[in-house]
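Comments concern the structure below.
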Number of protein chains: 2
Amino acid sequence: MTTRWLSAEEQRAWRSYISATSLLADAIDRRLQAEAGMPHLYYSILSRLSEAPDRRLRMTDLAEALKITRSRLTYAVARLEKDGTVGREGCPTDRRGHMAVLTDEGMALLERVAPAHVETVRTAVFDHLTPEQVGQLEEICGTITRAIQSGDPGTPGEDLPWRRRSCSS
Amino acid sequence: MTTRWLSAEEQRAWRSYISATSLLADAIDRRLQAEAGMPHLYYSILSRLSEAPDRRLRMTDLAEALKITRSRLTYAVARLEKDGTVGREGCPTDRRGHMAVLTDEGMALLERVAPAHVETVRTAVFDHLTPEQVGQLEEICGTITRAIQSGDPGTPGEDLPWRRRSCSS
DNA sequence: GCGCAGTGGTTCAAGTTTTAAACAATACCT
DNA sequence: AGGTATTGTTTAAAACTTGAACCACTGCGC
């Protein structure tokens, strides 16, 4: 099978995507690091917990929601626990399980930091998009998410003959 | 000034964006790690160089193109040099400067790996988007990029009263 | 020409994060 | 019971990032 290269339009969109996501991730991380002393992922953990019933979630559910490995989550929660923003409890119904619980201190941190974070997201993104574009963004990102999750990793391997095209960043 | 929280639609779009970018970055990194033994950023360096006149670029220009710090680039190029895919040369016109140069070996690696990478991007993204959506994606990402680059980091600070809303991940 | 601010790029030290593999404990199924 | 699958942690190693300090050079004003 010959390689299905990106068209010129796709190429442009892709480059644009790479720039935007890279810049945005950096901007958010920097801001959050300054305001809350933690990177975006850690903030997301607190945020998810704050919305969960009883401010607590099973580790696996949390990892699932954030699309990260359990190992990574364990590490992150360990740090948050040291910070005092998250606690750990055994799960009553499944003794293997553990719940991460947002502490009052964690909630307070979130309340203090959230406005700044929202402002970052707003000034970097939503202030400049029309309502239609917001809908388009959700639609496109949802499509990407589903495509990846329905596992569809593209056929591996297949060393193909080179035909001078862009290598898609 | 009171916090301008995200609307429900913005909230959904944002969550969707977070999931998609996180999953996509992971998928690309995993694939590239398997095929080329390097993460996406490093591949991007090779790719950019392959498109540059004479397969070479000034370090600063490369850092600029990839939106990363010079320090980070120095580290990355050092590794690529160790791998043999990139070389370093002094800049003829400015003796402070250095050029990163794609070696034949680097080019060969790129040629070997590009099809798999393009396939990843395609199956995760472009295979599922309409041409209109490709245009929308470019437009939206371009807007975000410009918003961030025109510095506009949102007013820092401002501890605001909490009104139970989502903390935007 | 000289001094000096600015640029290009690297180095260094420190810390953070990530990964993969192995592991213990428990649940579930038959 | 017994085997398998989950849950979540641990461990050790490696990879990466950061920020500050730093050197070499340029280019400008005087």
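Chain letters run A, B, ... following the sequence lines, proteins first, then strands; residues in each count from 1. Bear in mind the structure is a predicted one, so any value in this text is a computation, not a measurement.
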#### Entry: Inter-axis angle, terminal five-pair segments of the helix from dG1(C)-dC30(D) to dT30(C)-dA1(D) [nearest 10°]
30°

### Query
Between Arg88(A) and dG8(D), does any side-chain N or O lie under 4.0 Å from OP1 or OP2?
no

### Contact nearer the 5' end of DNA chain C, comparing Gln33(A) with Arg30(B)
Gln33(A)

### Query
Can you tell me how far P of dT17(D) sits from CG of Leu41(A), to the nearest Å?
16 Å

### Query
Looking only at side-chain N and O atoms, does Arg58(B) come under 4.0 Å of OP1 or OP2 in dT7(C)?
no

### Query
Regarding Thr130(B) and Glu132(B), is there a side-chain donor-to-acceptor distance under 3.5 Å anywhere?
yes

#### Entry: Whole angstrom value for the distance that separates C1' of dA14(D) from CE of Met38(B)
16 Å

### Message
Under a 3.5 Å distance rule, please check whether Ser47(B) uses its side chain to pair with a backbone N or O of Tyr43(B) as donor and acceptor.
### Response
no

### Query
Pick the nucleotide of DNA chain C nearest each of Arg96(B) and Cys91(B); which residue has the one closer to the 5' end?
Arg96(B)

#### Entry: From dT26(C), dG8(D), dT17(C), nucleotide with atom closest to His98(A) side chain
dG8(D)

### Options dT26(C), dG8(D), dT17(D), nucleotide nearest the side-chain atoms of Asp94(A)
dT26(C)

### Summary
Test side chain to side chain contact (heavy atoms under 4.5 Å, CB included), reference Ile45(A), set Thr85(A), Leu102(A), Leu73(A), output is Leu73(A)

### Query
Are the side chain of Thr120(A) and the backbone N or O of Ile28(A) linked by a donor-acceptor pair below 3.5 Å?
no

### Query
Can a donor-acceptor pair be found between the side chains of Ser7(A) and Glu9(A) at a distance below 3.5 Å?
yes

#### Entry: Nucleotide dA24(C), atom P - distance to CZ of Arg95(A) in whole Å
18 Å

### Task
Take atom CE of Met59(B) and atom C1' of dC23(D), then tell me their distance rounded to the nearest Å.
16 Å

### Message
Grouping I, L, V, M, F, W and Y whenever their side-chain heavy atoms are under 4.5 Å apart, do Leu62(A) and Met99(A) come out in a common cluster?
### Response
no

### Message
Without decimals, in angstroms, what is the distance between Ile45(B) CD1 and dC16(D) C1'?
### Response
12 Å

### Query
Can Glu10(B) and Arg122(A) be counted as an ion pair, charged N to O under 4.0 angstrom?
yes

### Query
Nearest-Å distance, CG (Asp61(B)) to C1' (dT7(C))?
13 Å

### Message
At a heavy-atom distance below 4.0 Å, what parts of residues 68-86 of chain A sit against DNA chain C?
### Response
Ser71(A), Arg72(A), Tyr75(A), Arg79(A)

### Task
To the nearest Å, give me how far apart CG (Asp29(B)) and C1' (dA14(D)) are.
15 Å

### Task
Evaluate whether atom CD of Glu64(B) has more than 12 neighbouring non-hydrogen atoms of other residues, nucleotides or ligands under 6.0 angstrom away.
no

### Task
Take atom CG of Leu62(B) and atom P of dT10(C), then tell me their distance rounded to the nearest Å.
11 Å

### Message
Check this for me, if you would: do Asp61(A) and Arg56(A) make a salt bridge, where the nitrogen-to-carboxylate-oxygen distance has to be below 4.0 angstrom?
### Response
no

